[in-house]
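Here the structure comes first, spelled out in structure tokens, and everything after it is commentary.
In what follows, chains are A, B, ... by sequence order, proteins preceding strands, each numbered from 1.
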Amino acid sequence: MATYKSDFLHTLESRGFIHQVSEPEVLDQLAKTGQVTAYIGYDCTAASLHVGHLLPTMMLRWMQKTGHRPIALMGGGTTRVGDPSGKDESRRLLTDEQINENLKSIRQIFARFLKFGDSGNDAVMANNADWLNTLNYIDFLRDVGRHFSINRMLTFDSVKLRLERQHELSFLEFNYMILQAYDFLELNKRYGCRLQMGGSDQWGNIINGIDLGRRVAGAQLFALTSPLITTASGAKMGKTAAGAVWLDPNLVSPYDYWQFWRNTEDGDVGRFLKLFTELPLEEIAKLTALKGSEINEAKKVLATEATAMVHGREEALKAEATARTTFEEGALAENLPSFDAKKSELEAGIGILNASVQAGFVSSTSEARRQIKSGGIKVNDVTVTDEKMTLTPKDLTQEGVIKLSLGKKKHVLLRAV
RNA sequence: GGGGGAGUGUCCCGAGCGGCAAAGGGGGCGGACUGUAAAUCCGCUGGCUAUGCCUUCGCAGGUUCGAGUCCUGCCUCCCCCA
């Protein structure tokens with residue numbers, strides 16, 4: 001890889017964000033001498049962003065930090081179509097109301113990463129529904145459609161794979177790549193946007209936009225993609241048993257978010273520190289050099305930094321402290337997740353099976369039974385052996401709570417109210 | 001339109017002579033070992049008021065003491081012919 005002269009590309013490169021860049025020298029020169037505007041597209045199929053969105057969002061953040069202007073493009077229009085890339089089945093289509101609601105809540109999450117506004121290199125949030133929804137079909141075909149070769153489109157992986165595997169690919173989905181190319185063109189017109197970034201699977205789509213821009217507007221546009229992130233042991237990143245790791249504190253608490261990063265595999269710590277925190281590289285190098293179990297210190301730093309980015313430093317430190325008391329001191333931490341139980345019910349005795357379900361770490365009493373059988377459930381750090389056991393006021397600790405645990409990592413407090 | 005094939009445990013893939021809560025994987029969860037890691041090994045992986053009861057094999061009926069398995073109709077997908 002070339003060594004970049006611009007802060008922007010140099011930073012991305014040295015932190016491991018770059019997979020492919022089109023015309024790297026030209027882009028580097030542009031970024032060095034002036035302000036570049038770039039965008040990344042996000043779909044709005046969910047009401048929150050998750051860990052998988054973190055990497056592209058960090059790219060936007062670094063962009064802004066190095067003096068350039070980021071655009072977060074919300075796919076309010078394209079979400080109505082669905083990207084076929086890498087999927088065998090069509091995405092379910094969402095209603096406009098759903099899409100708009102999702103947009104609203106996602107907007108708030110973005111505000112934590114980027115400074116939005118109207119001046120200098122303030123970030124812009126655009127929504128492609130603004131231009132896609134009002135498209136006139138005939139005009140679009142004539143102005144844009146003529147530049148796309150079906151022959152060529154059929155060779156793109158996203159299409160080819162679907163066809164080879166004999167899976168359905170509707171015309172609607174087939175158009176996705178055209179719309180995405182059009183987005184690039186439109187953002188170029190509206191904001192002078194010249195660079196589109198995205199995951200490596202977006203390369204083909206981005207190139208389409210570049211071609212369209214050259215043909216229609218005579219613009220020189222650029223592509224930059226980031227590598228696909230998997231864990232050292234090959235699993236997809238950001239998935240846990242409970243599903244996606246959301247960035248919304250109402251969906252995944254700061255404590256759980258901290259825990260997610262704390263449990264990073266050894267082999268990923270260095271890479272993740274570079275990608276998901278803003279610590280200087282020298283410091284990361286020091287942390288990565290730690291051997292054996294000392295690497296746990298690096299994981300804590302990763303967890304706290306990553307959590308601070310999304311939930312604020314205060315929440316991050318609180319999560320760190322809670323983890324320290326719970327795991328390292330074996331003591332009871334007040335800030336563990338908790339749920340309430342009525343005092344009267346507790347006096348009558350709450351069955352451990354039901355309590356486990358209420359605590360949220362098992363989904364049925366049957367599962368609770370199984371966990372007890374294999375020694376996975378603890379009350380106040382004592383393994384439960386009898387599934388008929390009941391919790392009573394006697395089990396309350398001095399702090400007035402009962403600590404329920406599943407396995408070694410999941411702890412929930414029952415509070416009597 | 002004609003001929004052939006497929007749809008299985010609501011995470012996925014996939015076996016299944018009429019006795020089936022249904023083989024085997026993957027994934028996940030728990031246990032052991034560790035360092036809240038990985039790898040490895042062991043156990044579990046429909047629900048419930050639980051030595052029993054209830055609900056599951058595309059959908060709806062039927063045959064049978066008994067149906068994932070046989071029959072009929074329907075839906076969806078794929079292949080070949082038109």
Are Ser48(A) and Ile106(A) close enough that some pair of their side-chain heavy atoms sits under 4.5 Å apart?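 No, too far: nothing below the 4.5 Å cut-off.
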Base-pairing assignment for [N] (Watson-Crick or G-U wobble, both under 3.5 Å):
| N | result |
| --- | --- |
| G7(B) | C75(B) |
| C44(B) | G28(B) |
| A39(B) | none |
| A15(B) | none |
| C70(B) | G62(B) |

Between [X] and [Y], does any side-chain donor sit less than 3.5 Å from a side-chain acceptor?
| X | Y | value |
| --- | --- | --- |
| Gln202(A) | Gln196(A) | no |
| Lys409(A) | Asn263(A) | yes |
| Asp7(A) | Trp62(A) | no |

Neighbours of RNA chain B within residues 352-377 of chain A, by heavy-atom distance under 4.0 Å: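 Hits under 4.0 Å, by residue number: Ser364(A), Thr365(A), Ser366(A), Arg369(A), Arg370(A), Gln371(A), Ser374(A), Gly375(A), Gly376(A).
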Give me the ring orientation class for Phe276(A) and Trp261(A): parallel if the planes are under 30° apart, tilted from 30 to 60°, perpendicular past 60°.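 Rings of Phe276(A) and Trp261(A): tilted, 30 to 60°.
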Parallel, tilted or perpendicular: which describes the rings of His53(A) and Tyr42(A), with under 30° parallel and over 60° perpendicular?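 His53(A) and Tyr42(A): tilted rings.
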Which donor-acceptor pairs under 3.5 Å do side chains of residues 327-339 of chain A form with protein atoms, sequence neighbours excluded?
unit_1: Glu328(A); atom_1: OE2; unit_2: Lys300(A); atom_2: NZ; d: 2.8
unit_1: Ser338(A); atom_1: OG; unit_2: Arg415(A); atom_2: NE; d: 3.1

The contact string for nucleotides 32-41 of chain B, one letter per nucleotide 5' to 3', using protein heavy atoms under 4.0 Å with B, S and - for base, sugar-phosphate only and none, comes out as -BBBBBS---
Suppose you measure atom [atom1] in [N] against the same atom in [M]; what distance do you get, rounded to whole Å?
| N | M | atom1 | value |
| --- | --- | --- | --- |
| U45(B) | G24(B) | C1' | 14 Å |
| C48(B) | U56(B) | C1' | 15 Å |
| C13(B) | A82(B) | P | 34 Å |
| A15(B) | A21(B) | C1' | 16 Å |

For Thr326(A) and His411(A), run side-chain hydrogen bond (donor to acceptor under 3.5 Å, both in side chains): C-alpha distance rounded to whole Å, both residues' side-chain angles, the deciding distance at 0.1 Å, then the answer. CA-CA 9 Å; Thr326(A) 306; His411(A) 307 284; over 6 Å; no
Salt-bridge present (Asp266(A), Lys291(A); N to O < 4.0 Å):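 No, Asp266(A) and Lys291(A) are not salt-bridged.
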In whole Å, what is the span from the CD atom of Glu387(A) to the P atom of U51(B)?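 It is 11 Å, rounded to the nearest whole Å.
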